[in-house]
Protein chains: 2
Amino acid sequence: MAKKKQQDALSSEEKIKEAARKVFMEKGYAATRTRDIAEAAGMNLALLNYYFRSKEKLFELVMQEKLSSFFGLMLPILQDPASSLDDKMHTIADRYISMLMANPDLPLFVLNAMRNAPKKFAAMLKGADHLLQSAFAQQLKERNPDVAPEQLFINMMSLCIFPFAMRPGLEVISPEIGATFNALMEERKKLVPKWMRAMLKVK
Amino acid sequence: MAKKKQQDALSSEEKIKEAARKVFMEKGYAATRTRDIAEAAGMNLALLNYYFRSKEKLFELVMQEKLSSFFGLMLPILQDPASSLDDKMHTIADRYISMLMANPDLPLFVLNAMRNAPKKFAAMLKGADHLLQSAFAQQLKERNPDVAPEQLFINMMSLCIFPFAMRPGLEVISPEIGATFNALMEERKKLVPKWMRAMLKVK
DNA sequence: TTCTAAATTAATCATTTGATTAAAAAATTT
DNA sequence: AAATTTTTTAATCAAATGATTAATTTAGAA
């Protein structure tokens, strides 16, 4: 009885959330109208305020989810003392590329969110260890004491994420990239760790 | 006489353009109001339409400029048959990193522009040779026939550009990156070509 | 079954936004 | 110097936007 009502309520709320995820990812915050979300959800416009109070609150909810899914994948891997550096690089490349192949709009959304709401982002990561205190950074330093671990971390992120953010541009510069993008990304799951190892040898 | 008038007219027009560059780069198109630009320019709001007809036209002008400056740097280098692969990598790293240090908002602006207006972007690059026909791609292929030249091109762009787009996030994950960002980027001018050479050896 | 609470609807609101207008001021031309 | 053109101004407009409202419907509790 009570359960049935709960499901119905979640269902409308969930429909709006679902639509909000889709439209905010596509258009960003400012270019998204509450009417767009209502239409995408097939729901009445007033329900956005009824369930979520404001466009802004709804956006923050979506933003929090997306930032969590983006960084939630990374931080535990970086901090795990039990896995080797090679395991970490392999796991990060594999998981990030897979996730981004399924969510190609995520990088740009996250980049915009970090730029527009750095405080909220910082608050989200409040508990996380800093990079330089992670097992990953230690392992990088051991492997190559001549290059700052931050540099190699930046490289790892760059090689996994940037192709997705730059895809529209890449497709224009090279139609071949457009035609085979997914195959290129699959290949990179194997190549990124190899490239990382090669770079780790550079002084 | 006629010259003096010309300078005055350019001066008001240029003030508005200048302000538009600043505000559009900072807020993007949708979140920028024409009033923001007018205020930033210290000009009357109606002048935006008087000189540029619409917010959209003004934005396109700024977008064209920014895309030109972003890609204008790259394409000639890629297409130059006279310079070696090492020269190219060195020049791209040096020039891109320098330019982006002076224009840190550019990457995100360009990424958003490419995503939101891919047709305009494609029209802009109309005359340019495709990547696979460039001297750069040929040279990559000669150096390493086992890896698609597109992959190495993507890496080159990733290593030079992504750190700037990701800077707000990097600064939260690692305060050390925030404190020494410019030094890290200067260092990368030398390291990126080295990393590229190391990656070129990977099969 | 009746009453109450929650969810939904369509209309409306108050504010904001890009754009227009008409008048005045400034610059240029005759 | 007068006439004409261009630039600037402040007010206004028409449409759009996030949010609110009141009525109705649906669901749940007694």
Side-chain angles (χ1 to χ4, degrees), chain A residues 1-64 109 112-113 116-117 120, chain B residues 1-64 109 112-113 116-117 120:
Chain A
M1 291 289 173
K3 226 180 228 176
K4 183 163 179 198
K5 177 234 176 173
Q6 187 70 4
Q7 281 182 357
D8 285 351
L10 282 178
S11 178
S12 294
E13 192 174 329
E14 198 56 38
K15 275 184 195 167
I16 297 172
K17 268 197 218 163
E18 201 51 54
R21 283 182 199 112
K22 179 172 176 290
V23 184
F24 279 138
M25 290 290 289
E26 187 188 321
K27 299 185 171 189
Y29 178 75
T32 294
R33 306 170 307 147
T34 51
R35 284 161 177 80
D36 296 331
I37 295 170
E39 279 165 29
M43 308 288 290
N44 186 280
L45 176 61
L47 295 184
L48 271 70
N49 292 83
Y50 179 79
Y51 283 105
F52 300 100
R53 246 179 79 202
S54 67
K55 177 186 171 184
E56 188 181 351
K57 287 277 184 251
L58 184 53
F59 180 75
E60 282 179 5
L61 192 155
V62 171
M63 184 176 80
Q64 173 106 13
F109 181 86
N112 279 311
N116 296 327
K120 289 197 168 83
Chain B
M1 290 296 175
K3 221 178 234 182
K4 180 155 179 207
K5 178 241 175 166
Q6 188 68 4
Q7 282 182 356
D8 285 349
L10 284 178
S11 177
S12 294
E13 192 174 327
E14 197 55 39
K15 276 186 196 165
I16 297 172
K17 268 198 219 166
E18 201 50 55
R21 283 181 199 115
K22 180 171 175 289
V23 184
F24 279 138
M25 290 291 290
E26 188 188 318
K27 297 183 173 192
Y29 178 76
T32 294
R33 306 170 307 150
T34 52
R35 282 162 177 81
D36 296 332
I37 296 170
E39 278 165 29
M43 308 291 288
N44 186 280
L45 176 60
L47 295 184
L48 271 70
N49 292 83
Y50 179 78
Y51 282 105
F52 300 99
R53 245 177 79 199
S54 68
K55 175 186 173 185
E56 187 181 351
K57 287 279 186 251
L58 184 54
F59 180 74
E60 282 179 4
L61 194 154
V62 171
M63 182 175 81
Q64 173 104 10
F109 181 86
N112 280 311
N116 295 328
K120 289 196 165 88

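Side-chain atoms are counted along with the backbone in the values below, which use heavy atoms only and exclude waters and symmetry mates. Letters A, B, ... are given to chains in the order of the sequence lines, protein chains preceding strands, and every chain is numbered from 1. Predicted, not measured: the structure shown is a model, and the values here were computed from it.
In this structure, OH of A/Tyr50 is placed 14 Å from C1' of D/dT21, rounded to the nearest angstrom. Taking atom NZ on B/Lys57 and atom C1' on C/dA19, their separation rounds to 15 Å, with Å as the unit. Rounded to an integer number of Å, the gap from CG of B/Leu47 to P of D/dT7 is 10 Å. Counting to the nearest Å, the C1' atom of D/dT17 and the CZ atom of B/Arg35 are 14 Å from each other. Between the P atom of C/dT17 and the CG atom of B/Leu58 lies a distance of 17 Å, rounded to the nearest Å. Regarding B/Glu14, its CD atom lies at a distance of 15 Å from the P atom of D/dT7, rounded to whole Å. Regarding B/Leu48, its CG atom lies at a distance of 12 Å from the P atom of D/dT8, rounded to whole Å. Remark: P of C/dT17 and NZ of B/Lys27 are 9 Å apart, rounded to the nearest angstrom.
When the side-chain nitrogen and oxygen atoms of A/Tyr51 are compared with OP1 and OP2 of C/dA6, none of them lie within a distance under 4.0 Å. In terms of phosphate contacts, A/Asn44 brings a side-chain nitrogen or oxygen within less than 4.0 Å of OP1 or OP2 of C/dA10. Under 4.0 angstrom from either OP1 or OP2 of C/dA19 there lies no side-chain N or O belonging to B/Thr34.
A salt bridge does not link B/Glu18 with B/Lys15: none of the charged nitrogens is closer than 4.0 Å to a carboxylate oxygen.
Of all nucleotides listed (C/dT21, C/dA19, D/dA19), D/dA19 comes nearest to the side chain of A/Leu45. Comparing C/dG18, D/dA19, D/dA10 against the side chain of B/Ala46 picks out D/dA10 as the nearest. In this structure, the nucleotide among C/dT8, D/dA10, D/dA19 sitting nearest to the side chain of A/Ser12 is C/dT8.
Classified by interplanar angle (parallel below 30°, tilted 30° to 60°, perpendicular above 60°), the ring pair B/Phe24/B/Tyr29 is parallel.
At distances below 3.5 Å, at least one donor-acceptor pair connects side-chain atoms of B/Asp36 with backbone N or O atoms of B/Arg33. Without hydrogens or angle criteria, B/Lys55 side chain to B/Thr32 main chain gives a donor-acceptor distance under 3.5 Å.
Between the base of C/dG18 and the side chain of B/Arg33 there is no donor-acceptor pair shorter than 3.5 Å.
A heavy-atom distance below 4.5 Å is not found between the side chains of B/Tyr51 and B/Leu58.
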